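Please see the structure below; I have some questions.
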Amino acid sequence: MTSHIDTALAFLEETSTDLRDAHRAYRVLMQHSHLTDYFQGGKQVLIKELQSHPKVFPRVPYIGMTTLQEQAYCEWYCTHLYEGAGEVVELGTFLGSLTKSMVNGVRANPRAATRERKVRVYDLFWWDFIMEGCVKGTAYEGMCKEGDWFVEDYKRSIRAWIDRADVRQADLTKFAYDQEPVEFLMVDVMKYEKLCVNVLRQFFPALLPGKGILFHQDYLHFYEAWVHIIQYLLRDYFEPVTPIDGSGAFVFRCTQAVPPDLCTLQAPLKDSWSDALVEEAFAWSKGIVGEENQAVVNAAHVMMYAHLERWEQAEATYNAHAAQFAGHPSVIELRAYFEDRFQRPLPGQ
Ligand SMILES: C[S@@+](CC[C@H](N)C(=O)[O-])C[C@H]1O[C@@H](n2cnc3c(N)ncnc32)[C@H](O)[C@@H]1O
């Protein structure tokens with residue numbers, strides 16, 4: 001079996017041009033976090049270090065709602081794959097775990113002009129109860145209370161990276177994007193229909209054809225089921241690249257310009273999405289995500305029907321996958337959601 005070091009070396013030495021491997025080589029950073037430092041020395045230094053059977057220095061996460069793998073991916077991408085032909089855009093940042101990772105990468109990028117680029121960060125910066133839960137037990141606990149605007153706290157948390165971040169407080173349900181085309185779009189904000197509709201409209205057509213990368217942070221999460229239908233509707237414009245292991249993220253490459261007239265969905269989506277479309281979209285999605293991600297996509301399939309308030313279809317879909325679901329973390333969350341929020345317990349255990 002090829003090791004993560006071999007995959008990274010094959011990419012750096014250009015003995016492999018495999019797109020998936022290029023995007024999966026971030027895994028080398030998980031056990032060899034010191035390579036972040038070697039990035040600054042350039043390709044030859046990095047290759048030499050990788051060839052020397054480097055010691056293990058496990059990566060430590062930045063505070064936030066993302067995993068080490070997502071952070072490592074964003075850093076790897078911005079160092080080695082980002083060309084600087086378009087913007088790096090972050091939608092939904094919380095305390096900046098991915099801002100820091102992307103800025104680390106941009107700063108180490110081998111192209112001088114690309115190193116001058118800033119990460120464009122957009123967020124509402126309104127503190128909610130989920131955020132309170134995320135910082136509980138950390139030094140950030142008590143920093144804000146529900147309803148506080150936290151843009152200044154965010155800026156403080158990324159102070160050492162802020163020279164490479166262009167931070168905008170924006171409500172992405174209404175915001176109109178009018179900047180340069182986008183080469184890397186990190187989306188961690190498609191949390192409800194109005195956000196899905198406007199993010200799709202404003203940012204997807206801005207992706208650079210051929211180069212544009214869409215990092216869908218919630219593609220492999222049971223709740224944000226809308227994104228499966230949206231990607232299915234746009235399947236002729238994107239190539240699936242890879243899931244990011246140990247996370248809910250999935251990477252797509254934009255193969256041709258996304259026509260704005262395909263990005264005009266209107267909320268509520270239940271008026272426009274038929275059961276037949278849902279079935280086709282989830283069948284397609286299950287075909288691209290790999291064996292290890294079937295249960296979470298099946299859970300999203302159930303959740304899609306819940307979002308559309310089609311309870312019979314939700315239950316039938318749940319029953320169809322019940323055996324595969326046993327004990328899966330997404331399904332535990334899904335069941336809790338049905339019980340607490342919808343007061344409609346799902347059948348069985
Ligand atoms: C899951 S969190 C992002 C986590 C982040 N990527 C990290 O690194 O930890 C979702 C983010 O979406 C933002 N958000 C929620 N509603 C929004 C809106 N209407 N407009 C802009 N941002 C919004 C929240 O403030 C929050 O920072």
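Treat the numbers as computed from the prediction; the structure is a model and nothing was measured. For ligands, and for the atoms within them, numbers begin at 1 and follow the listed sequence.
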### Message
Can you confirm if the aromatic rings of Y82 and F184 lie within a centre distance of less than 6.0 Å?
### Response
no
## Note on the structure
Note: ligand 1 atoms sitting under 4.0 Å from heavy atoms of G92 are 3 (C), 5 (C), 6 (N), 11 (C), 12 (O)
### Message
To check your reading of the model: name the closest protein heavy atom to atom 19 (N) of ligand 1, its residue, and the distance in Å.
### Response
D171 OD1, 3.0 Å
### Message
For residues V187 and V89: do they belong to one hydrophobic cluster (side chain heavy atoms under 4.5 Å, members Ile, Leu, Val, Met, Phe, Trp, Tyr)?
### Response
yes
### Query
What protein heavy atom sits nearest atom 9 (O) of ligand 1, and how far away is it?
M65 N, 2.7 Å
## Note on the structure
Per side chain to side chain donor-acceptor pair (under 3.5 Å), K286 is matched among H301, Q294, H228, E291 by H301
### Cluster check F215, L19: I/L/V/M/F/W/Y, side chain < 4.5 angstrom
yes
### Task
Flag the pair L81 / W76 as yes when at least one side-chain heavy-atom distance between them is below 4.5 Å, and no otherwise.
yes
### Query
Looking at atom 20 (N) of ligand 1, what's its closest protein heavy atom, distance included?
L172 N, 2.9 Å
## Note on the structure
min-distance protein heavy atom vs atom 14 (N) of ligand 1 -> V189 CG2, 3.8 Å
### Message
Can you tell me if Q217 contacts ligand 1 (heavy atom of the residue under 4.0 Å from the ligand)?
### Response
no
### Query
Hey, which of W226, W273, F222 is the one that makes ring pair (Phe, Tyr, Trp, His ring centres under 6.0 Å) with H307?
W226
### Message
Considering non-hydrogen atoms of the protein only, which is the closest contact for atom 8 (O) of ligand 1, and what is the distance?
### Response
S97 OG, 2.5 Å
## Note on the structure
Atoms of ligand 1 under 4.0 Å from any heavy atom of L195, numbered from 1 in the order shown, are 16 (N), 18 (C), 19 (N)
For residues 245-255, which side-chain N or O atoms pair as donor and acceptor with protein atoms under 3.5 Å away, sequence neighbours left out?
residue, atom, partner, partner atom, Å
D245, OD1, Y26, OH, 2.2
D245, OD2, R27, NE, 3.3
S247, OG, I244, O, 2.8
S247, OG, A249, N, 3.0
R253, NE, E239, OE1, 2.9
R253, NH1, G210, O, 2.7
R253, NH2, E239, OE1, 2.8
T255, OG1, Y237, O, 3.1

### Query
Which atoms of ligand 1 have any heavy atom of A170 under 4.0 Å away?
20 (N), 21 (C)
### Message
Assigning hydrophobic clusters by single linkage (Ile, Leu, Val, Met, Phe, Trp, Tyr; side-chain heavy-atom cutoff under 4.5 Å), is F342 placed with L269?
### Response
yes
### Message
Counting non-hydrogen protein atoms only, what is the nearest one to atom 27 (O) of ligand 1? Give residue, atom name and distance.
### Response
D123 OD2, 2.6 Å
### Message
Quick check: G64 and ligand 1, any N/O pair under 3.5 Å apart?
### Response
no
### Summary
closest protein heavy atom to atom 3 (C) of ligand 1 is D188 OD2, 3.2 Å
### Query
Which atoms from ligand 1 have a heavy atom of M131 less than 4.0 Å away?
24 (C), 25 (O), 26 (C), 27 (O)
### Task
Provide, to 0.1 Å, the distance between atom 22 (N) of ligand 1 and the closest protein heavy atom, together with that atom's residue and name.
L124 N, 3.0 Å
### Query
Is there a path of hydrophobic side-chain contacts, each under 4.5 Å between heavy atoms of I, L, V, M, F, W or Y residues, that connects M143 with I130?
yes
#### Entry: Atoms in ligand 1 with a heavy atom of Y192 nearer than 4.0 Å
19 (N)
### Query
Is E70 near ligand 1, meaning one of its heavy atoms is under 4.0 Å from it?
no
### Query
Going only through I, L, V, M, F, W and Y residues with side-chain contacts under 4.5 Å, is there a path from L234 to M304?
yes
